[in-house]
Amino acid sequence: DIQMTQSPSTLSASVRDRVTITCRASQSISNWLAWYQQKPGKAPKLLIYKASTLESGVPSRFSGSGSGTEFTLTISSLQPDDFATYYCQQYNSYSYTFGQGTQLEIK
Amino acid sequence: QVHLVQSGTEVKKPGASVKVSCRTSGYTFTTYGINWVRQAPGQGLEWMGWINSYSTKTKYAEKFQGRLTMTTDTSTSTAYMELRSLRSDDTAMYYCARDTNWGFLDYWGQGTLVTVSS
(Lines give C-alpha, C1' and ligand atoms only; values in the text may rest on other atoms or scores of the structure.)
Protein backbone atom coordinates (compact mmCIF):
# COMPACT_ATOMS: atom_id res chain seq x y z
CA ASP A 1 0.00 0.00 0.00
CA ILE A 2 1.10 3.55 -0.68
CA GLN A 3 1.82 5.56 2.45
CA MET A 4 1.32 9.31 2.65
CA THR A 5 3.37 11.40 5.07
CA GLN A 6 2.39 14.97 5.79
CA SER A 7 4.53 17.60 7.45
CA PRO A 8 4.32 19.36 9.72
CA SER A 9 1.70 17.71 11.93
CA THR A 10 0.93 21.07 13.52
CA LEU A 11 1.56 24.54 12.16
CA SER A 12 1.11 27.79 14.04
CA ALA A 13 0.66 30.87 11.90
CA SER A 14 -0.91 34.32 11.86
CA VAL A 15 -3.50 35.93 9.63
CA ARG A 16 -1.92 37.07 6.34
CA ASP A 17 0.97 34.61 6.67
CA ARG A 18 1.95 32.42 3.75
CA VAL A 19 2.02 28.75 4.74
CA THR A 20 3.04 25.55 3.02
CA ILE A 21 2.13 21.98 3.91
CA THR A 22 4.05 19.07 2.39
CA CYS A 23 2.84 15.60 1.52
CA ARG A 24 5.15 12.78 0.45
CA ALA A 25 4.10 9.50 -1.13
CA SER A 26 5.99 6.26 -0.55
CA GLN A 27 6.01 5.68 -4.31
CA SER A 28 5.16 7.69 -7.39
CA ILE A 29 1.49 8.59 -7.77
CA SER A 30 1.91 10.88 -10.79
CA ASN A 31 -0.50 13.75 -10.02
CA TRP A 32 -3.25 11.66 -8.41
CA LEU A 33 -3.37 13.74 -5.26
CA ALA A 34 -6.11 15.73 -3.58
CA TRP A 35 -6.17 18.13 -0.62
CA TYR A 36 -9.06 18.50 1.83
CA GLN A 37 -9.87 20.94 4.60
CA GLN A 38 -11.73 19.77 7.69
CA LYS A 39 -13.17 21.87 10.48
CA PRO A 40 -14.21 20.42 13.85
CA GLY A 41 -17.46 18.50 13.67
CA LYS A 42 -17.71 18.83 9.91
CA ALA A 43 -17.08 16.58 6.92
CA PRO A 44 -13.94 17.20 4.88
CA LYS A 45 -14.14 19.65 1.99
CA LEU A 46 -12.31 19.15 -1.29
CA LEU A 47 -9.90 21.98 -2.05
CA ILE A 48 -7.57 20.77 -4.79
CA TYR A 49 -7.48 17.72 -7.07
CA LYS A 50 -4.99 16.32 -9.56
CA ALA A 51 -2.33 17.96 -7.41
CA SER A 52 -2.92 21.51 -8.65
CA THR A 53 -6.50 21.99 -9.88
CA LEU A 54 -8.58 24.24 -7.66
CA GLU A 55 -12.06 22.92 -6.91
CA SER A 56 -14.86 25.25 -7.96
CA GLY A 57 -15.64 27.86 -5.33
CA VAL A 58 -12.35 27.49 -3.43
CA PRO A 59 -10.53 30.81 -2.94
CA SER A 60 -7.54 31.44 -5.17
CA ARG A 61 -5.24 31.91 -2.14
CA PHE A 62 -5.11 28.10 -2.06
CA SER A 63 -2.75 26.41 -4.50
CA GLY A 64 -1.22 23.00 -4.97
CA SER A 65 1.85 21.74 -6.73
CA GLY A 66 4.00 18.68 -7.20
CA SER A 67 4.05 15.35 -8.96
CA GLY A 68 5.54 11.94 -8.42
CA THR A 69 6.18 11.66 -4.69
CA GLU A 70 6.33 15.20 -3.35
CA PHE A 71 3.44 17.65 -3.15
CA THR A 72 2.67 20.94 -1.47
CA LEU A 73 -0.40 22.89 -0.47
CA THR A 74 0.18 26.62 -0.13
CA ILE A 75 -2.10 29.24 1.35
CA SER A 76 -0.80 32.57 0.14
CA SER A 77 -2.37 34.83 2.78
CA LEU A 78 -4.05 33.11 5.70
CA GLN A 79 -7.57 34.21 6.57
CA PRO A 80 -9.36 33.52 9.85
CA ASP A 81 -11.56 30.94 8.13
CA ASP A 82 -8.51 28.89 7.08
CA PHE A 83 -7.61 27.65 10.54
CA ALA A 84 -8.50 23.96 10.24
CA THR A 85 -6.96 20.55 9.62
CA TYR A 86 -5.70 19.70 6.15
CA TYR A 87 -5.34 16.24 4.64
CA CYS A 88 -3.73 15.00 1.49
CA GLN A 89 -5.12 11.91 -0.24
CA GLN A 90 -3.67 9.74 -2.96
CA TYR A 91 -5.50 7.62 -5.48
CA ASN A 92 -4.03 4.51 -7.09
CA SER A 93 -6.04 1.76 -8.74
CA TYR A 94 -9.13 2.37 -6.61
CA SER A 95 -7.07 2.27 -3.46
CA TYR A 96 -6.86 5.46 -1.48
CA THR A 97 -4.72 6.68 1.39
CA PHE A 98 -4.92 9.84 3.46
CA GLY A 99 -2.04 11.62 5.08
CA GLN A 100 -2.19 11.90 8.86
CA GLY A 101 -3.28 15.53 8.71
CA THR A 102 -1.82 18.96 9.45
CA GLN A 103 -3.54 21.06 12.08
CA LEU A 104 -3.21 24.74 11.26
CA GLU A 105 -3.46 26.82 14.42
CA ILE A 106 -3.61 30.52 15.16
CA LYS A 107 -0.33 31.81 16.57
CA GLN B 1 -27.65 20.40 -5.93
CA VAL B 2 -25.83 17.26 -4.85
CA HIS B 3 -26.67 15.89 -1.41
CA LEU B 4 -25.54 12.82 0.51
CA VAL B 5 -27.63 12.20 3.63
CA GLN B 6 -26.57 9.49 6.05
CA SER B 7 -28.52 7.52 8.60
CA GLY B 8 -28.41 8.38 12.28
CA THR B 9 -26.22 7.61 15.26
CA GLU B 10 -25.72 3.96 16.17
CA VAL B 11 -24.70 2.33 19.45
CA LYS B 12 -23.62 -1.28 19.21
CA LYS B 13 -22.16 -3.93 21.45
CA PRO B 14 -18.86 -5.64 20.64
CA GLY B 15 -19.36 -8.45 18.16
CA ALA B 16 -22.46 -6.90 16.61
CA SER B 17 -22.89 -5.50 13.10
CA VAL B 18 -23.83 -2.04 11.89
CA LYS B 19 -25.29 -0.96 8.56
CA VAL B 20 -25.07 2.71 7.62
CA SER B 21 -26.99 4.19 4.70
CA CYS B 22 -26.11 7.10 2.43
CA ARG B 23 -29.03 8.47 0.41
CA THR B 24 -27.95 10.56 -2.55
CA SER B 25 -29.75 13.12 -4.67
CA GLY B 26 -29.05 15.80 -7.26
CA TYR B 27 -27.10 13.65 -9.71
CA THR B 28 -27.28 10.39 -11.65
CA PHE B 29 -26.40 7.84 -9.00
CA THR B 30 -24.87 5.25 -11.33
CA THR B 31 -22.43 7.75 -12.85
CA TYR B 32 -20.29 8.06 -9.73
CA GLY B 33 -18.82 5.67 -7.20
CA ILE B 34 -19.16 5.96 -3.45
CA ASN B 35 -16.34 5.75 -0.95
CA TRP B 36 -16.58 5.20 2.79
CA VAL B 37 -14.13 6.95 5.09
CA ARG B 38 -14.03 6.81 8.87
CA GLN B 39 -12.53 8.99 11.57
CA ALA B 40 -11.94 7.78 15.11
CA PRO B 41 -12.29 10.42 17.84
CA GLY B 42 -9.44 12.92 17.61
CA GLN B 43 -7.80 10.98 14.79
CA GLY B 44 -7.28 11.36 11.06
CA LEU B 45 -9.22 10.11 8.06
CA GLU B 46 -9.11 6.42 7.20
CA TRP B 47 -10.25 5.10 3.83
CA MET B 48 -12.37 1.98 4.10
CA GLY B 49 -13.41 1.15 0.57
CA TRP B 50 -15.12 2.04 -2.69
CA ILE B 51 -18.09 0.78 -4.66
CA ASN B 52 -18.92 1.37 -8.30
CA SER B 53 -22.58 2.37 -8.18
CA TYR B 54 -23.20 1.00 -11.70
CA SER B 55 -21.38 -2.33 -11.69
CA THR B 56 -21.34 -2.81 -7.89
CA LYS B 57 -17.64 -3.70 -8.14
CA THR B 58 -15.96 -3.07 -4.81
CA LYS B 59 -12.47 -2.48 -3.45
CA TYR B 60 -11.90 -2.67 0.28
CA ALA B 61 -8.92 -1.61 2.34
CA GLU B 62 -7.00 -4.68 3.41
CA LYS B 63 -7.62 -4.18 7.12
CA PHE B 64 -11.39 -4.52 6.62
CA GLN B 65 -11.36 -7.53 4.31
CA GLY B 66 -13.76 -10.16 5.55
CA ARG B 67 -15.93 -7.98 7.75
CA LEU B 68 -16.91 -5.11 5.45
CA THR B 69 -19.58 -5.12 2.76
CA MET B 70 -20.62 -2.21 0.58
CA THR B 71 -23.80 -2.33 -1.49
CA THR B 72 -26.04 0.01 -3.43
CA ASP B 73 -29.73 0.28 -4.25
CA THR B 74 -30.13 2.08 -7.56
CA SER B 75 -33.92 2.31 -7.14
CA THR B 76 -33.43 4.69 -4.21
CA SER B 77 -29.95 6.05 -5.10
CA THR B 78 -28.68 4.82 -1.76
CA ALA B 79 -25.36 3.27 -0.75
CA TYR B 80 -24.86 1.06 2.27
CA MET B 81 -21.87 0.12 4.38
CA GLU B 82 -22.06 -2.88 6.71
CA LEU B 83 -19.30 -3.59 9.20
CA ARG B 84 -19.43 -6.83 11.18
CA SER B 85 -17.74 -8.18 14.31
CA LEU B 86 -17.52 -4.71 15.78
CA ARG B 87 -14.79 -3.87 18.29
CA SER B 88 -14.33 -0.88 20.53
CA ASP B 89 -11.75 0.56 18.15
CA ASP B 90 -14.43 0.71 15.43
CA THR B 91 -15.94 3.62 17.35
CA ALA B 92 -15.76 6.45 14.84
CA MET B 93 -17.59 8.87 12.61
CA TYR B 94 -18.32 7.15 9.31
CA TYR B 95 -18.61 9.23 6.14
CA CYS B 96 -19.79 8.41 2.66
CA ALA B 97 -18.34 10.48 -0.16
CA ARG B 98 -19.00 10.70 -3.89
CA ASP B 99 -16.10 9.56 -6.05
CA THR B 100 -15.54 11.62 -9.17
CA ASN B 101 -14.00 8.54 -10.84
CA TRP B 102 -10.74 10.51 -10.98
CA GLY B 103 -9.70 9.56 -7.49
CA PHE B 104 -10.99 12.46 -5.45
CA LEU B 105 -14.08 12.89 -3.33
CA ASP B 106 -16.13 15.97 -4.13
CA TYR B 107 -19.28 15.61 -2.01
CA TRP B 108 -19.52 14.13 1.46
CA GLY B 109 -22.31 13.01 3.74
CA GLN B 110 -22.72 14.61 7.15
CA GLY B 111 -21.29 11.56 8.92
CA THR B 112 -22.76 8.82 11.10
CA LEU B 113 -21.40 8.28 14.58
CA VAL B 114 -21.02 4.62 15.47
CA THR B 115 -20.18 3.85 19.09
CA VAL B 116 -19.15 0.34 20.08
CA SER B 117 -19.42 -0.25 23.79
CA SER B 118 -20.43 -3.02 26.14
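No hydrogens, no waters, no symmetry mates; every other heavy atom, side chains included, goes into these values. Just so we're on the same page: letters track the sequence lines, and every chain starts at 1.
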> Of the backbone (N, CA, C, O) and the side chain (C-beta and beyond), which part of B:Trp50 lies under 4.5 Å from a heavy atom of chain A, both, or neither?
Replying inline: side chain
In this structure, are over 12 heavy atoms from other groups packed under 6.0 Å from [X] atom [atom1]?
X: B:Asp73; atom1: CG; answer: yes
X: B:Arg23; atom1: CZ; answer: no
X: B:Glu62; atom1: CD; answer: no
X: A:Lys39; atom1: NZ; answer: yes

> Run the side chain to side chain donor-acceptor pair (under 3.5 Å) check on A:Gln38 and B:Gln39 step by step: do they pass?
Replying inline: CA-CA 11 Å; A:Gln38 187 181 33; B:Gln39 187 169 37; 2.8 Å; yes
> Looking at B:Asp106, B:Asp99, B:Leu105, which one has more heavy-atom pairs under 4.5 Å with chain A than the rest?
Replying inline: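 Of B:Asp106, B:Asp99, B:Leu105, B:Leu105 has the most heavy-atom pairs under 4.5 Å with chain A.
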> So, for B:Phe104 and A:Trp35, is the gap between ring centers shorter than 6.0 Å?
Replying inline: no
> What pair of heavy atoms forms the shortest contact from A:Ala43 to B:Gly109, and how long is it?
Replying inline: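 A:Ala43 and B:Gly109 have their closest heavy atoms at CB-O, 3.4 Å.
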>> I'd like to verify something: which residue of A:Tyr49, A:Phe98, A:Tyr91, A:Tyr96 has the highest number of heavy-atom pairs under 4.5 Å with chain B?
In response: A:Tyr96
>> Distance to the ring centre below 6.0 angstrom and angle to the axis at most 45 degrees; does that hold for A:Lys45 and B:Trp108?
In response: no
> Within the side chain of A:Gln90, is there an N or O that forms a donor-acceptor pair under 3.5 Å with the backbone of B:Gly103?
Replying inline: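 No; zero donor-acceptor contacts below 3.5 Å.
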> Are A:Leu78 and A:Ile48 connected in a single hydrophobic cluster, I mean Ile/Leu/Val/Met/Phe/Trp/Tyr linked by side-chain heavy atoms less than 4.5 Å apart?
Replying inline: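 Hydrophobic grouping puts A:Ile48 with A:Leu78.
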